[in-house]
Each structure stands twice: as C-alpha cells, then as structure tokens.
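One-based numbering along the sequence shown.
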Amino acid sequence: MKNPVFLLVFLLVGIGTLYVLMQKAISEGEPGSEVVAPRADYDYYIEDLLTTRFGSDGQVLSQLRATRVTHYPDGDRAELQAPRLTTFGEAQDEWQVSAETGTLAPDAERAEDRLDLRGAVELDKPMARSGTLAVRTTALSIYTDTQEAFTTEPVSISQGNTRYQGAGMRALLAEDYVSMNDGRGIHDPKSLP
C-alpha cells in the first residue's frame, strides 16, 4: 500500500456515505425499512397527591388522593397507585372509594374524565340510621363530573344484616342511588360477619 492515510480517508467517507443513505431510506419508508417510533414514556409524576374539586358555588365536590400518579402524554393518561376518592352529595355526605390502582383519562364521548379503578375496589357510604353501605368489586369506573359509577364485574353490596350479590351495578353518587344487575339478596336478623 502506497498511502495508508488515503485508504483510511476513503474508508471513512464510504462508511459515512453508507450511514447517510441508510438513514435516508429509513426516513422515506422504503420497502424493507422499518421506522420505530420512540417509546411513549411518562412526562411527570407526583407523589402523595391530594386534589380538590369545587362546584360553582364553592362547595367541595370531591377529593382525590394517591400515593403516586404517573402521567403519560399519549392520551393524557394518569396511572394512580392506591387511589382514594371522596365524593360529596348535596348534604355533604361522603362516598369513600379506594382501590389498589387506577387510571384517570379523558372520555371524549362524555366530555369528562373517567377514573377506572382496579384491584380490591371498596365503595363505602355511611348511613345515618343503618350503618355503612359497603360495595365490593374488582373493577369500577367513575365519571368524575357527573359522579356516575359502574361496573360489569361481580359485585357485593352489604348494609347491616343484608347482603346482595350481583353481576354488575350502577351508582349515581351525588344522588345516593345504587342499582344492581342480576342481584340476589340475603337478610339475616342476626348480624352478618
């Protein structure tokens, strides 16, 4: 070899040209090339979240707590760890909702946010004369503006000495209305465990 520097420069220019051509082929989407989209990672997270929603009259409508919230820009979705939602009706009676995990995201059809809860979901309402109304299921969705909750999963509703089992339910939390799908109930004059 007469000039090793010339050979090295020629080799580097050839590699550079090959790299540029490969990048151009990928960006133009030629057959055989795949464009891999970057993974949509979260853009921020919050620990020990507490947020309060107020009505137009200044009354508290709801409070949402979570040990951690991770927000993903794709779909404006937030993943919640140990979410706890407290909703208030007209008499400021509280519904307490808790779960292991949840997802909060906008629902375009309803033009409001939807909170999807998963895991051991508990929905409790203290009743003035008859103890606590307790709803248990594995999944529950709540529309945050209208405070409508629903599930198609098996559900258990108990209050005092009465227990119902069903294949789903719908609740209007602001109106203290609960209905069950395909429900069966048991009332025992003795206290249920």
Side-chain angles (χ1 to χ4, degrees), residues 37-54 60-89 93-127 131-160 162-186 192-193:
R39 197 172 129 217
D41 285 45
Y42 67 91
D43 54 353
Y44 65 87
Y45 70 92
I46 301 169
E47 293 193 9
D48 299 321
L49 171 81
L50 170 61
T51 181
T52 304
R53 289 189 60 203
F54 295 93
V60 175
L61 297 177
S62 65
Q63 288 187 326
L64 177 62
R65 297 175 186 269
T67 58
R68 181 179 170 108
V69 177
T70 306
H71 182 266
Y72 296 86
D74 183 31
D76 193 21
R77 183 182 91 248
E79 296 294 329
L80 292 78
Q81 295 297 315
R84 305 283 181 263
L85 177 68
T86 304
T87 66
F88 301 94
D93 295 330
E94 300 177 0
W95 282 93
Q96 299 284 334
V97 186
S98 63
E100 294 172 16
T101 62
T103 302
L104 181 64
D107 185 311
E109 289 181 23
R110 298 262 311 234
E112 64 180 305
D113 287 340
R114 178 172 153 171
L115 177 61
D116 293 315
L117 302 170
R118 296 174 301 281
V121 180
E122 299 180 357
L123 175 62
D124 295 314
K125 167 79 173 181
M127 306 302 280
T132 299
L133 177 69
V135 178
R136 303 293 181 260
T137 188
T138 57
L140 183 73
S141 296
I142 300 173
Y143 288 106
T144 58
D145 289 346
T146 57
Q147 295 186 4
E148 178 184 349
F150 64 93
T151 184
T152 56
E153 296 297 315
V155 64
S156 167
I157 300 175
S158 61
Q159 181 179 11
T162 305
R163 177 174 295 149
Y164 297 96
Q165 301 286 337
M169 64 141 237
R170 179 175 174 254
L172 303 175
L173 303 178
E175 300 171 22
D176 293 339
Y177 171 84
V178 178
S179 66
M180 179 181 282
N181 302 333
D182 299 324
R184 294 182 158 215
I186 299 171
L192 292 173

Determine whether the side chains of Thr86 and Arg65 contain a donor N or O and an acceptor N or O closer than 3.5 Å.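 The criterion, which ignores hydrogens and geometry beyond distance, is not satisfied for Arg65 and Thr86.
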
Stepwise side chain to side chain contact (heavy atoms under 4.5 Å, CB included) check, Thr132 with Gln96: CA-CA 11 Å; Thr132 299; Gln96 299 284 334; over 6 Å; no

Considering non-hydrogen atoms only, spot the tightest contact between [X] and [Y] and give its length.
X      : Y      : answer
Arg170 : Leu172 : NH2-CD2, 3.6 Å
Ala78  : Leu80  : O-CD1, 3.3 Å
Leu61  : Gln147 : O-NE2, 3.2 Å
Thr146 : Glu112 : N-OE1, 3.0 Å
Pro106 : Gly75  : CD-O, 3.6 Å

Side chains of [X] and [Y] in contact at under 4.5 Å (non-hydrogen atoms):
X      : Y      : value
Arg68  : Ile46  : no
Arg163 : Ser156 : yes
Leu115 : Leu117 : yes
Leu140 : Glu153 : no
Val135 : Lys125 : no
Ser62  : Leu85  : yes
Asp145 : Arg53  : yes
Phe150 : Val155 : no

Using a strict 4.0 Å threshold on nitrogen-to-oxygen distance, state whether Asp116 and Arg114 make a salt bridge. yes

Output the distance between atom [atom1] ([X]) and atom [atom2] ([Y]), rounded to the nearest 0.5 Å.
X      : Y      : atom1 : atom2 : value
Ile142 : Leu104 : CD1   : CG    : 10.5 Å
Ile157 : Met180 : CD1   : CE    : 3.5 Å
Leu133 : Thr162 : CG    : OG1   : 10.5 Å
Arg118 : Thr101 : CZ    : OG1   : 4.0 Å

Just wondering, are more than 12 heavy atoms of other shown residues or ligands nearer than 6.0 Å to CG in Asp43?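 Counting neighbours around CG of Asp43, more than 12 heavy atoms of other residues, nucleotides or ligands fall under 6.0 Å, so yes.
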
Counting only N and O atoms by type, is there a donor-acceptor contact under 3.5 Å from the side chain of Thr151 to the main-chain atoms of Ala139? yes

Which is it for Thr52 and Val60 under the side chain to side chain contact (heavy atoms under 4.5 Å, CB included) test, yes or no, and what are the steps along the way? CA-CA 7 Å; Thr52 304; Val60 175; 3.8 Å; yes

Could you tell me how the ring of Tyr42 sits relative to the ring of Tyr72: parallel (under 30°), tilted (30 to 60°) or perpendicular (over 60°)? perpendicular

Gln165 and Asp182: CA distance, side-chain angles, deciding distance, side chain to side chain contact (heavy atoms under 4.5 Å, CB included) verdict: CA-CA 8 Å; Gln165 301 286 337; Asp182 299 324; over 6 Å; no

Candidate pair Val69 and Tyr45, rule side chain to side chain contact (heavy atoms under 4.5 Å, CB included), full reasoning: CA-CA 5 Å; Val69 177; Tyr45 70 92; over 6 Å; no

Could you pull out all residues at least two apart from Arg84 that satisfy side chain to side chain donor-acceptor pair (under 3.5 Å)?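 In terms of side chain to side chain donor-acceptor pair (under 3.5 Å), with neighbours along the sequence ignored, Arg84 is linked to no residue.
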
Applying side chain to side chain donor-acceptor pair (under 3.5 Å), can you list everything that pairs with Asp124, at least two apart in sequence or on another chain? Arg136

